[in-house]
**Q** 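Dropping the structure in here first, questions after.
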Amino acid sequence: MSEVLEKISEMLQKGKRKDVAKLCQQAIDEGLEPNVVLTQGLLAGMDVVGAKFKANEIFVPQVLVSARAMKAGSEVLKPYLSEEGATGRGKIVMGTVQGDLHDIGKNLVIMMFEGKGFDVVDLGVDVAPEKFVQAAIDENADIIGMSALLTTTMPMMGEVVKAAEEAGIRDKVKIMVGGAPVTQEFADSIGADAYTEDAPSAAEKAVAFVS
Ligand code: B1M
């Protein structure tokens with residue numbers, strides 16, 4: 001692997017926000033693909049952070065500084081991940097489900113949606129089912145996108161599907177779900193229209209829905 005990618009991963013693990021941002025720009029300037037910088041630099045570092053967190057080798061404060069470094073790096077990559085001139089593809093309301101505060105994946109997915117020319121309304125984290133549905137109505141959205149990182153909050157995705165049915169908008173919006181613990185099987189069980197494993201495939205799927 002390229003040295004700069006290893007360095008990005010390492011600095012992300014250490015939570016060195018400014019270094020991560022600088023190295024991401026350096027990687028781009030060296031001609032590396034933005035997607036490669038994202039997956040093999042930033043996300044590779046975040047994987048290590050996740051494994052250490054699980055093993056109780058690091059704790060919430062360290063994870064938070066790494067999360068901030070991830071954000072700083074993503075911001076640098078954002079313009080390079082966008083497709084030139086892509087606009088007006090459709091509208092997406094997107095958020096992390098109720099009870100869940102993880103937003104790194106959500107933000108990445110939003111970045112990819114925007115890169116494909118979608119207009120995205122970011123509802124933030126800890127979003128109640130009614131809020132997703134009301135926003136979809138108010139914004140006349142084509143798609144509701146949800147992210148969940150906790151096994152305990154995944155069921156809220158099913159509540160959003162139910163709320164959309166009750167509000168009479170289920171046939172007007174596509175519902176997309178994702179996040180580390182979410183699976184295709186789970187998405188099928190709650191009646192979502194799509195599950196995708198990562199942010200780029202979420203954006204591809206969204207394009208397919210509005211095409
Ligand atoms: Co949390 N956390 N966390 N955490 N955290 C996990 C999720 C955990 C797996 C860690 C572990 O134990 N190994 C574990 C969950 C266990 C479980 O549910 N079974 C966990 C826990 C337990 C907790 C707390 C309860 C810890 C505590 O307080 N004791 C707490 C819960 C707070 C809450 O939400 N109520 C908590 C808190 C936190 C921090 C605040 C410290 C921080 C979040 C900071 C932030 O988001 N701003 C944090 C982090 C960073 C993690 C890990 C380490 C990394 C998550 C991440 O950002 N990954 C995580 C470990 C892990 O996942 N391996 C962990 C990178 C991100 C890009 O991936 O979000 O999966 P992800 O997104 C991917 C895909 O999933 C997909 O695209 C992205 C990549 O392309 N995707 C979609 C995401 N959304 C999509 C939507 C789509 C399509 C694709 O369509 C719409």
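In listed order, ligands and their atoms are each counted from 1. These numbers were taken from a predicted model, which means no experiment stands behind them.
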**Q** Using a strict threshold of under 4.0 Å (side-chain N to carboxylate O), is an ion pair present between Lys16 and Glu10?
**A** no

**Q** Report yes or no: is the cationic atom of Lys205 (NZ for Lys, CZ for Arg) under 6.0 Å from the centre of the six-membered ring of Phe209, at an angle within 45° of the ring normal?
**A** yes

**Q** How far is atom 15 (C) of ligand 1 from its nearest protein heavy atom, and which residue and atom name does that atom have?
**A**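 Nearest neighbour among protein heavy atoms for atom 15 (C) of ligand 1, to 0.1 Å: Leu150 CD2, 3.5 Å.
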
**Q** Students should be able to answer this: which protein heavy-atom is nearest to atom 26 (C) of ligand 1, and at what distance?
**A**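 Going atom by atom, the protein heavy atom closest to atom 26 (C) of ligand 1 ends up being Phe53 CZ, 3.9 Å.
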
**Q** Under 4.0 Å from a heavy atom of Met146: which atoms of ligand 1 are those, numbered in the order shown and with their elements?
**A**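 Atoms satisfying the 4.0 Å criterion: 86 (C), 91 (C).
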
**Q** Could you tell me which atoms of ligand 1, counted from 1 in the order shown, lie closer than 4.0 angstrom to a heavy atom of Ala202?
**A** 88 (C)

**Q** Within the structure, does Lys106 bring an N/O atom to less than 3.5 angstrom of an N/O atom in ligand 1?
**A** no

**Q** Hey, which atoms in ligand 1 end up nearer than 4.0 Å to a heavy atom of Val109?
**A** 77 (O), 81 (N), 82 (C), 84 (N), 85 (C), 86 (C), 89 (C)

**Q** Identify, by atom number and element, the atoms of ligand 1 in contact range of Asp100, meaning under 4.0 Å from any of its heavy atoms.
**A** 34 (O)

**Q** Tell me: protein heavy atom nearest atom 40 (C) of ligand 1, and distance?
**A** Leu64 CD2, 4.0 Å

**Q** Would you say Asp198 and ligand 1 have an N/O pair spaced under 3.5 Å apart?
**A**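 No; the residue has no nitrogen or oxygen that sits under 3.5 Å from a nitrogen or oxygen of the ligand.
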
**Q** Write out the residue and atom name of the closest protein heavy atom to atom 68 (O) of ligand 1, then the distance separating them to 0.1 Å.
**A**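 For atom 68 (O) of ligand 1, the nearest protein heavy atom comes out as Gly105 CA, 4.4 Å.
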
**Q** Under 4.0 Å from a heavy atom of Met176: give me the atoms of ligand 1 that qualify, with their elements.
**A**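 Heavy-atom distances to Met176 below 4.0 Å select 91 (C).
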
**Q** Where does Asp103 meet ligand 1, judged by heavy-atom distances below 4.0 Å: at the side chain, the backbone, both, or neither?
**A**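 Both parts.
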
**Q** Record the part of Met70 in heavy-atom contact with ligand 1 below 4.0 Å; permitted values are side chain, backbone, both and neither.
**A** neither

**Q** Salt-bridge test for Asp142 and Lys172: reply yes if a basic N is under 4.0 Å from a carboxylate O, no otherwise.
**A** no

**Q** To check your reading of the model: name the closest protein heavy atom to atom 80 (O) of ligand 1, its residue, and the distance in Å.
**A** Ala199 N, 2.8 Å

**Q** At under 4.0 Å between heavy atoms, is it the side chain or the backbone of Lys54 that contacts ligand 1, or both, or neither?
**A** both

**Q** Any nitrogen or oxygen of Leu43, main chain or side chain, under 3.5 Å from a nitrogen or oxygen of ligand 1?
**A**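 Looking only at distances, the answer is no, because the N/O contact criterion of under 3.5 Å is not met.
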
**Q** Counting both backbone and side chain atoms, is some N or O of Ala180 under 3.5 Å from an N or O of ligand 1?
**A**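 There is such a contact, yes.
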
**Q** Please identify which atoms of ligand 1 are closer than 4.0 Å to at least one heavy atom of Leu108.
**A** 67 (C)

**Q** Minimum distance, heavy atoms only, to atom 18 (O) of ligand 1: which one of Asn56, Thr151, Ile110 is it?
**A** Thr151

**Q** Taking distance alone, with N or O pairs closer than 3.5 Å, would you say Gly99 contacts ligand 1?
**A**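 For ligand 1, there is an N or O atom that lies under 3.5 Å from one belonging to Gly99.
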
**Q** What residue and atom, counting heavy atoms only, is the protein's closest point to atom 27 (C) of ligand 1, and at what distance?
**A**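 Protein heavy atom at minimum distance: Val60 CG2, 4.1 Å.
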
**Q** Around atom 64 (C) of ligand 1, find the nearest protein heavy atom and jot down its residue, atom name and distance.
**A** His102 NE2, 3.8 Å

**Q** Considering only NZ, NE, NH1 and NH2 on the basic side and carboxylate oxygens on the acidic side, decide whether Lys162 and Glu159 come within less than 4.0 Å.
**A** yes

**Q** Report the nearest protein non-hydrogen atom to atom 33 (C) of ligand 1: residue, atom name, distance rounded to 0.1 Å.
**A** Leu101 N, 3.5 Å

**Q** Can you tell whether the side chains of Asp193 and Arg170 come within less than 4.0 Å, N to carboxylate O?
**A**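 Salt bridge between Asp193 and Arg170, a charged N being under 4.0 Å from a carboxylate O: yes.
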
**Q** Distance under 4.0 Å to a non-hydrogen atom of Thr196: what atoms of ligand 1 satisfy this?
**A** 88 (C), 89 (C)

**Q** May I have the step-by-step check of side-chain hydrogen bond (donor to acceptor under 3.5 Å, both in side chains) for Glu6 and Ser2, ending in yes or no?
**A** CA-CA 7 Å; Glu6 272 175 30; Ser2 130; over 6 Å; no

